[in-house]
Amino acid sequence: MKPTIILEGLNPAQREAVELAEGPLLILAGPGSGKTRVIAHRIAYLVAEVGVHPYRIVAVTFTNKAAREMRDRVVALLGESAHSLMLGTFHSVCARILRADGEKIGIGRGFAIYDEADQQVLMRQAMADLEVDPRRFQPRAVLATISRAKSELASPAAYMQGVREYFYEVVARCYERYQALLEENNALDFDDLIMRTVVLFRESDEVLRRYQERFLHVLIDEFQDTNVAQYVLARQLAGGHGNICVVGDPDQSIYAWRSADLRNILNFERDYPNARVVYLSQSYRSTRNILDSAHAVISVNRQRKEKELWTEKGAGLPIAVYEAYDEAEEADFVAAEVQTLVTSGDRRHGDIAVMYRTNAQSRALEETLLREAIPYRLVGGTRFYERREVKDIIAYLRLVHNPYDRVSLGRVINVPARGIGQKTLAELDGWAASLEVPLYLAMQRVAEAVSREAPAGDEAAPHPLAPRSAKAVASFVALLEGLREEAGRLSLSSLVTSALERTAYRQYLLGQFDDGEERWENVQELLTVASEYDGLAPEAALLSFLEDVALVTDIDEYDERADAVTLITLHQAKGLEFSVVFIVGLEEGLLPHIRSYDDPAQMEEERRLCYVGMTRAKERLYMVRAFRRHLMGMSAANPASRFLKDLPSELVTRREAVQEEVEAVLRGPSRLRKEPAVPSEAAFAAGERVRHPRFGEGIVVSCTVTGSDQEVVVAFQGEAGIKKLLLSFAPLERIHI
DNA sequence: CGCCGTACGGTTTTT
DNA sequence: CCGTACGGCG
């Protein structure tokens with residue numbers, strides 16, 4: 001491989017970033033500056049020019065999708081030898097390390113990876129054990145706090161130390177119990193994957209040294225989104241040689257809520273004083289108008305360092321701002337523009353993306369696109385592996401692999417219904433606890449007793465169950481044991497098929513659900529995925545299938561080439577680019593999201609999110625808002641997003657649908673007449689500051705006329721939070737600034 | 001034990 | 001608006 005090919009077409013800064021083979025390197029890069037390209041070329045350069053075997057390189061990306069893209073690029077440059085590269089998310093890299101060496105810190109080889117739903121089940125269990133009221137302390141909130149602790153590498157004991165407030169004291173106790181339950185189930189949650197790997201490296205010099213010696217080069221993409229634990233891990237890996245290359249853009253940091261810590265970028269230069277810093281400031285993606293508008297939005301942030309970003313592209317088209325009446329009209333506008341772009345221009349559907357803040361917003365768009373017969377592809381949403389029927393089948397497979405997985409057992413012990421209800425389960429649980437054995441072992445004892453056919457009127461029954469329940473338990477144990485026996489010799493897809501047949505799962509779906517047919521199709525799709533593992537030895541197939549299911553959440557790879565409009569959240573859009581981008585829902589309360597109002601840091605993150613969305617566009621950017629929007633069944637009028645106001649007016653073309661037209665619409669015969677809430681009658685406008693004698697000061701989120709009264713939603717500072725108040729009862733006072 | 005109805009509560013972003 | 005939790009009935 002000649003360097004001319006690897007370095008071809010790179011600008012001087014990119015070239016420098018590729019060629020600096022030794023030592024720590026920090027690449028700070030704006031959107032569209034070719035970050036991914038630089039990493040891919042750097043890997044190729046290391047292999048082809050410096051002579052590093054790909055096996056000795058570890059490259060970390062933020063998503064699995066990015067990893068696939070990276071691999072494709074490297075393979076294009078180097079050929080098939082690139083496959084021995086260790087490439088993936090931090091989570092998948094750690095999973096592989098822990099599979100190989102986790103036993104040294106007591107993690108069983110076949111550990112399960114628990115997703116958010118599993119974690120909640122476990123947390124509820126922990127709270128029940130500790131007699132903590134889940135209404136007062138919401139499992140979600142407790143788990144989020146624990147996640148933050150883990151991402152800073154705080155063990156339960158360490159966390160307990162630093163706790164002052166009552167809430168955190170409760171969290172600390174839950175953390176301890178939750179962690180114990182995870183261990184009992186031989187399971188790790190996402191944060192454990194990172195934290196336990198760090199612990200493994202801390203506790204075993206031998207293991208750490210082995211990986212340090214194997215990985216001569218460490219590369220990390222999207223470095224602005226790493227958390228403390230991930231950064232510590234990266235430093236451990238690069239500890240010997242210091243060949244660590246990180247690439248990031250502080251302006252695109254949008255995962256602080258997931259404990260991503262921008263200080264990692266600052267600390268990098270402190271931790272590696274000899275680090276070289278390369279700036280990639282030329283954008284190859286967006287037109288100047290798009291770049292300038294995005295810059296106008298991001299430059300309002302105070303916690304930010306100004307940086308240069310330029311393009312050789314022309315000014316291009318102005319930003320199109322459109323104000324729709326409601327989300328239906330917003331979708332109509334998007335659909336109409338898409339039609340125009342495709343029929344009259346040279347755009348394909350696949351060149352176009354619609355981006356939004358919350359997944360719920362995709363609904364209105366989908367309805368319209370479906371009606372207008374515009375092909376679309378929804379990214380994310382209810383993810384495939386989160387569907388009930390898919391999770392059921394996976395729970396069976398997990399049990400086959402590890403019958404002591406209490407969460408999976410609880411999920412399917414009575415699915416399809418087989419006569420093991422809550423009462424039976426509670427008795428079993430109590431009995432297992434008194435014997436100090438796992439639930440499944442207790443069930444096996446019940447099954448044994450049943451098969452021995454204890455005579456009627458048996459004195460001292462070996463278990464507390466009624467004969468009927470005991471029989472049901474025995475047949476479940478027989479079902480699972482049958483599957484476990486098959487697991488050793490059948491291919492994965494045959495195993496799944498057997499599980500489906502033994503449980504009569506299809507009949508269950510069709511009989512139980514109105515959309516049973518559709519659900520069965522999802523099961524069929526899962527079967528297709530499973531069959532891709534048929535080439536592996538049975539045990540290995542099951543293990544890697546379960547791991548991929550837990551870590552690879554996107555299954556939509558194959559229809560990526562389909563020519564369809566992409567519907568995607570702003571978060572998921574990171575790293576992607578499209579010729580045409582619509583950002584919809586640019587309203588106060590949505591983008592920026594209402595949950596970010598009381599914290600300036602969070603507000604800055606919303607701004608970065610908007611920036612990320614805008615800079616996805618290559619040529620044409622639409623920014624759309626709706627005057628009214630239905631949220632959770634209610635309709636509310638929201639003012640335009642502050643981000644719209646920050647756009648330089650000379651770069652924008654505006655189409656007003658709202659002001660003049662709204663009243664005409666209300667007067668005329670329209671679907672909108674059903675809701676005669678007239679905003680001018682509202683006592684408060686969104687965004688106004690108000691005071692309440694009990695809740696203190698706050699900001700009006702919305703004010704809607706309901707019958708003879710008005711409903712005012714106020715986001716109060718401090719503990720009161722967001723409150724819905726009736727105007728006639730609430731003594732609200734306007735604060736004038 | 002399972003099914004069906006109703007009441008209620010929670011609502012961002014994701015590996 | 002959605003999904004879930006709970007209570008009463010077969």
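So that the names make sense, note that chain A is the first sequence line, chain B the second, and so on, each numbered from 1.
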Asker: Which class fits the ring pair A:Y211 and A:F215: parallel under 30°, tilted 30 to 60°, perpendicular over 60°?
Answerer: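 Parallel, since the angle between the ring planes stays under 30°.
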Asker: Using nucleotides 2-5 of chain B, report all nitrogen or oxygen pairs with the protein that are shorter than 3.5 Å.
Answerer:
residue : atom : partner : partner atom : Å
B:dG2   : OP1  : A:N414  : OD1          : 3.4
B:dG2   : OP1  : A:N414  : ND2          : 3.3
B:dG2   : OP1  : A:G419  : N            : 2.9
B:dG2   : OP2  : A:N414  : ND2          : 3.0

Asker: Please identify each residue that fulfils side-chain contact (heavy atoms from CB on, under 4.5 Å) with A:E366, with sequence neighbours left out.
Answerer: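 Counting only residues at least two positions away or on another chain, A:E366 forms a side-chain contact (heavy atoms from CB on, under 4.5 Å) with A:S362, A:Y376, A:L378, A:L567.
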Asker: Side chain of A:H91, heavy atoms from C-beta onward: which of B:dG10, B:dT13, B:dT15 has the nearest atom to it?
Answerer: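 For the A:H91 side chain, the nearest candidate turns out to be B:dT15.
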Asker: Polar atom pairs between nucleotides 1-5 of chain C and protein, under 3.5 Å, N or O only, would you list them?
Answerer:
residue : atom : partner : partner atom : Å
C:dC2   : OP1  : A:R363  : NH1          : 3.2
C:dC2   : OP1  : A:R363  : NH2          : 2.8

Asker: Output the pairing pattern of DNA chain C as a dot-bracket string, 5' first, Watson-Crick or G-U wobble with both distances under 3.5 Å, | for cross-strand pairs, [ ] for crossing pairs.
Answerer: .|||||||||
Asker: Say you draw a straight line from CE of A:M127 to CD of A:Q120; how long is it, rounded to the nearest 0.5 Å?
Answerer: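 Rounded to the nearest 0.5 Å, the CE-CD separation comes out at 9.5 Å.
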Asker: Please determine whether a side-chain nitrogen or oxygen atom of A:T63 lies at a distance below 4.0 Å from atom OP1 or OP2 of B:dT14.
Answerer: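 A:T63 to B:dT14 OP1/OP2: no side-chain N or O under 4.0 Å.
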Asker: For the aromatic rings, using the six-membered ring if either is Trp, is the centroid distance between A:Y178 and A:Y175 under 6.0 Å?
Answerer: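 Judged by ring-centre distance (under 6.0 Å), A:Y178 and A:Y175 do not meet the cut-off.
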Asker: Begin with the C-alpha distance, continue with both residues' side-chain angles, and end with the deciding distance and a verdict on ring pair (Phe, Tyr, Trp, His ring centres under 6.0 Å) for A:W257 and A:H593.
Answerer: CA-CA 13 Å; A:W257 55 273; A:H593 197 271; over 10 Å; no
Asker: Report yes if a side-chain nitrogen or oxygen of A:T569 is closer than 4.0 Å to either non-bridging phosphate oxygen (OP1 or OP2) of B:dT14; otherwise report no.
Answerer: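 So the side chain of A:T569 is within the cut-off, an N or O lying under 4.0 Å from OP1 or OP2 of B:dT14.
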Asker: Please check this pair: side chain of A:R99 against backbone of A:F111, looking for a donor-acceptor N/O pair closer than 3.5 Å.
Answerer: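 Looks like yes, one N/O pair under 3.5 Å.
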Asker: B:dT13, OP1 or OP2 - any side-chain N/O from A:Q572 closer than 4.0 Å?
Answerer: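 Looking at the OP1 and OP2 atoms of B:dT13, neither is under 4.0 Å from any side-chain N or O of A:Q572.
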Asker: For A:Y255 and B:dT14, do the ring centres fall under 5.5 Å apart while the planes stay under 30° apart?
Answerer: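 No, aromatic ring not over the base.
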Asker: Show every salt bridge (Lys or Arg N to Asp or Glu O under 4.0 Å) that has at least one partner inside residues 412-429 of chain A, sequence neighbours left out.
Answerer: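 Those involving residues 412-429 of chain A are A:R406-A:D429.
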Asker: If you take the centroid of each ring, where Trp contributes its six-membered ring, are A:F643 and A:Y611 closer together than 6.0 Å?
Answerer: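 Ring centroids of A:Y611 and A:F643 are no less than 6.0 Å from each other.
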Asker: What is the distance, rounded to the nearest whole Å, between atom CD of A:E604 and atom P of B:dT13?
Answerer: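 Roughly 22 Å, once rounded to whole Å.
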Asker: Below 3.5 Å, can you tabulate the donor-acceptor pairs from side chains in residues 468-477 of chain A to any protein atom, sequence neighbours excluded?
Answerer:
residue : atom : partner : partner atom : Å
A:S475  : OG   : A:A472  : O            : 3.0

Asker: Check whether any side-chain nitrogen or oxygen of A:N359 sits under 4.0 Å from OP1 or OP2 of B:dT14, and answer yes or no.
Answerer: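 Yes, A:N359 has a side-chain N/O under 4.0 Å of OP1/OP2 on B:dT14.
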Asker: Write down the distance between CG (A:L233) and P (B:dT15), rounded to a whole number of angstrom.
Answerer: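 In whole Å, B:dT15 P and A:L233 CG are 19 Å from each other.
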